[in-house]
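Convention: sequence-line order gives letters A, B, ...; per-chain numbering from 1. Nothing here was measured: the structure is a model prediction, and the numbers come from that model.
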Amino acid sequence: MKRKTITSLLRGTSTLMVSVLTLSLLGTSLADSYRKNLDDVLGTQSYVTISDAENARFQSDYGTIEEMKAAAKDIAVRQGEEGTVVMKNDNNVLPLADTNTVALLGLAAYAPYPYNSGDLLAGNEDGVDLVEALNEAGVAINQTLYDFYTEKLLNKHEVITQNQWTGEDVVSIGFDHIYSTTVGDMIDYTIYEVPADRYEEFGAPADMKTQIDKENTTAICVFARPGGEANTYAPGSAVNFDGEKTGKDPLALSEDELSVVAYAKETCDKVIVLLNTGNTMVIKDIVEGGAYEVDGIAYIGCPNDYQFTGIINVLTGKVNATGALTDTFVADNAANPSVTNFGGDYYADADIVSANATNGYDYRYPNEEISNISTSGSFGGGLANYSGGQYIVEAEGIYVGYKYFETRYFDSIMNPEFNASSSEGATQGSVWNYKDEVIYSFGHTLSYLDYMQEIKSIEVEKTTEGNITAVVAVTNQSNQDGKFLAQLYVQQPYTEYDMANKVEKSAVMFLNSAKIDVPAGETREVEITVPTKYLASYDYTNAKTYILDQGNYYFTAAAGSHEAVNNFLGAQGKTVEDGMTANATGSAIVWSDNAQLDTTTFSLSNNTIITNVADDADLNYWTGEETVTYLSRQDWAGTYPINYNEVDIYIGNSPRKDEWIATLRGQIYAIQTDVPAAEGRDNGVRFSTEYIQYEELTTIGASYWDTLVASITIDEAVGAVIHGGSRSDVLTNVENPIVLQNEGVNGFTTAYVDEITGEKYRFNVTSMTLLGSSFNPELAYDWGMVLGNSGLWLDRYSLWGIGLTQRRTPYNGRNYEYVSEDPMLTNRIGYGVLNGCTEKGIINGPKHMGFNDQEHNRNGIAAYMNEQKFRETDLRGFQGALDEGNGLAVMVAFNRIGANNASHHVGLLKTILREEWGFTGIISTDMMNNSYYFTPEAMVMATVTQVADFGGDDNHINLGEGGVDAVWPYISEESVMNDSNLVEQARENLKYQLYTFANSAVMNVSTERVNVWWDDVFATTTNVSGVLAVISIFAWIGLCFVPTKKKED
Amino acid sequence: MNFMKKQTAGTFATVITLFFALISYIIYLVNIGMDGYFKNAKVPAATRPAVTAIVLLCFVLILTQLKFNGIVNRIIIFITDLMRMAVPALSIATICALIFSRATGLAFIYFSNEEVLLEVQTAANIASSQWTIANMIFWGITAIVGIVASFLTIKKEEE
């Protein structure tokens, strides 16, 4: 071969090998950055856990996987049994008569929401839907309708898509005609229900009506409304089956759905409607007096794999109906004062916040233009943006849901001078009238079995840690044994002091509930307790702390908030003659030991003085005037909220203009430059059981923890906090465990794989909607225990597995993840679940603390409110879980509270959560997504322990241009090393994280990183290409410079 | 005509490499200039090897058109070959830098939960992601063409 040819070949080979080497080296680094994600898509496992099961502190209660599965199934069935709410039951339509056939109508009857496995549906093979549950219960189903719906309309089929990485087939369920499962972000929502007059067009037999034996058939119509992350229903956005905009509420039953009801009424003897949703629907057309009134209505939430068995147990009367409504059903959602301020819009001069040559640049981003006009959704991208242009004003204060309707109702009878019957806020007539506005109240429940609940005694322990203990006698007046629900409500006094100082009081407040089995004809007493601190109200204007007013506190047991308020009215001498909707059905016990206004007992918590921390959440703080009038019961007409997005709010006109702009820009904490931080040194201690003994486990103040975190380097201390990633970061001098985070509001979505059979099983079998409507904190605790046990079986110890945000409006697309419009019901359910999880050592973090009241504009929208609202609504929902419930983690919302990012809010996270509540767990942000309104220094100072991002082991401060923190070029080891406060706070935050790990099942195991096949591929490729590159390059160089032989001839 | 006859196959292959490199860089500039997820999302870690590759290719083409003799010619050939060897590696570095900085964004756009797809899969975001993917593909083509070109002689050694 000619020398020239050999030279060319060597040159080309060298190029090829150098290229492969480059690809392999950079690819290795790239793959390592996304290791957990690659594991997920390639099915590999880079982290293995080694457990010493016998000596583990946290042990499963179930000896075999079959027992574990049975427990999961059992709890799900119980949720169906205890969560199904019979809302209307006329003409003995329920329980279903043994002799009757059931005619199922509505697409959701055959394909209930959710129908595809994922976060909301485990999708196990033995899961049952409505039809299967009816079949199992031996209920006959009309075959003609069944055939028409399943074969002509739905035509259930498998949809096969390919995993874009592995090429593996992914099978999901599809239908030819189905309701939309995606709401979208305040866009039109099509209510895709095939109208009854089009049935024949879709293949129904012409004589279908005659094939229904009317006399002996009960119709069950099922209508669904989905939910979803980043989804928000838009009022007035409904689109009908034909694709025409109707301008109606998407949560109201549509004309097409009502045509199905009409068909059912025409063809069947009785009609039941099941509401299959996490959002409160508008159903006035089918209730008493409605044009399409039906015999029965039941709420079934969003069932998971096994809940339908329980639901059918209720519908067939196998068990008593004990579920209760978690939200108020109204004639028009606009009747909720919270809906007046919803969605949000821009400040009149939102652009004044933008960093540019005109407004001035952000000192952290010299010469970089950063807009304040949002151009992208919550997933980042697009132009550099503070995402701080829009706001809402939560002017309704504490009056969300029943607290508004029942209080206004109470005042319309008891305090006419409060203008409760004025026209403001009336949607059904010229004056406001409770009966017109409210269809079913919060806590509404119908039992099959006659019963009575009567409060027998009340004991109030008026101390910071004290409890209210009520004894409720439940009498089963029927001839069957059964389970019953007892609900405890209170009415606090609304005093002159309150009126003078803007302290609002609901006329009725849910405290707690319990269920009890009572034999036929007998009475049983049930004790209901709740911390006394929840009796206090927050006075943000005068005492600036929690107060307990003097006066009479009425306690009652009732089947719902409306019955409770009627009991209070009855106890105060009122009857239907005074305008009540019904006379009192039970008594109320008065507690009046608080002889004078008490501003001290509840002003201290966990040795922390409670005082205002969120004055700046109030829009009035910024405008310097009474721009916002908060709803007050002392003048319903004069204070009913206006839409503050229709008021021009000028940041530039504020006396606090510069502070406002700085806050919206996220300039909450300026990094100091004059107090050098101590560098971390190896102190000879490690995170291990050798050092973590009883004192260390029980006391975060133990010196060991200080010694341990003092060893963390500056780079790693700050770096590990501002990068959460999908796993915990490894700290050099600590040797802490690797803890993988898991998502799943209904439980761990990771499948348990049987090593022998390969069979998969998923334990995310709960339904938050039905757990809420069970009104049973004990059931919540039981679910927490099952969830915790499932984590132990899966070797997964960290989960974002419950939603505790208050349902402020019916339109939030994530209401299906949350519990209720009521903070105390949320509080008690959260308390139960978290207690159970923590008992099994599972770190279960509730989402999304800090007013995730809407998904629309969730990234950065400012929610303005006063401090009473701030403390007594959304936060109270989390308090049970995180204060007294031993919760180990929490995730913060995306939005702002006032002008300040919730994840920067020192008052919320440090003062209230850490200090007042004594919370020592993990605080995570939601996905930071390179958004400019998240700033690392502010999050560190707010005691955040980890910032949510997609990174892996990324415990260094500045990850560079391509890193998840690319928007923080100003943060580096050099820029923080002279700020001792910041660095020490970061170490303190990591102490919380490590202390939490120590108190969790993470200590059961050690986690090790192992090489998987693609690690070996990269390593081999690197080595081989490296060697070949060196050989070929040297050979090529040699040939290039070896003298050429002269030709002999 | 005479000029064309003097060119080697390696020269033509290098011109094609340069063509693809320029196209790739233009796609990058369009991508960060257009509306969508990656608007203004510059990736200096990708720009540096990309620009270096283009500059090297230009040098290669210029140097190979100049006439040198003896040892100087040999050294020039060696240097231009070294440059040509570096170009594919630089292209691969560009791709990796792009993947590193774009992976999270692409994951949001294509692999988000079903319910958030409506929010994230806007026409602008899809277009932006497609341009990003095209950008990576074109740098891949550049690398492959560059490797092929390096097998071909670009400047004849004096006999």
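In this structure, the separation between CD1 on A:I1037 and CZ on B:F78 is 4.5 Å, given to the nearest 0.5 Å. Taken to the nearest 0.5 Å, the CG atom of B:L90 stands 9.5 Å off from the OG atom of A:S19. Of the inter-residue distances, the one linking B:F151 atom CZ with A:T5 atom OG1 reads 13.0 Å to the nearest 0.5 angstrom. One distance of note links OG1 of A:T22 with CD1 of B:I95; it measures 11.0 Å at 0.5 Å rounding. Note that CD1 of B:I92 is 11.0 Å distant from CG of A:L25, once rounded to the nearest 0.5 Å.
For the side chain to side chain contact (heavy atoms under 4.5 Å, CB included) criterion with A:S8, the lone passing option out of B:D81, B:T153, B:I154 is B:T153.
When atom types are taken as modelled, the side chain of A:R11 and the backbone of B:L82 share no donor-acceptor pair closer than 3.5 angstrom.
In this structure, no portion of A:T7 lies under 4.5 Å from any heavy atom of chain B. Contact of B:A143 with chain A is not made at all, since no heavy-atom distance falls under 4.5 Å. Residue A:I1033 touches chain B through its side chain alone, counting heavy-atom pairs closer than 4.5 Å.
Listed here is the closest heavy atom pair of A:L26 and B:C96: CB-SG, 3.5 Å. Closest heavy-atom contact between A:V18 and B:A89: CG1-CB, 4.0 Å.
Heavy atoms from other residues, nucleotides or ligands lying under 6.0 Å from CZ of A:F1034 number 12 at most.
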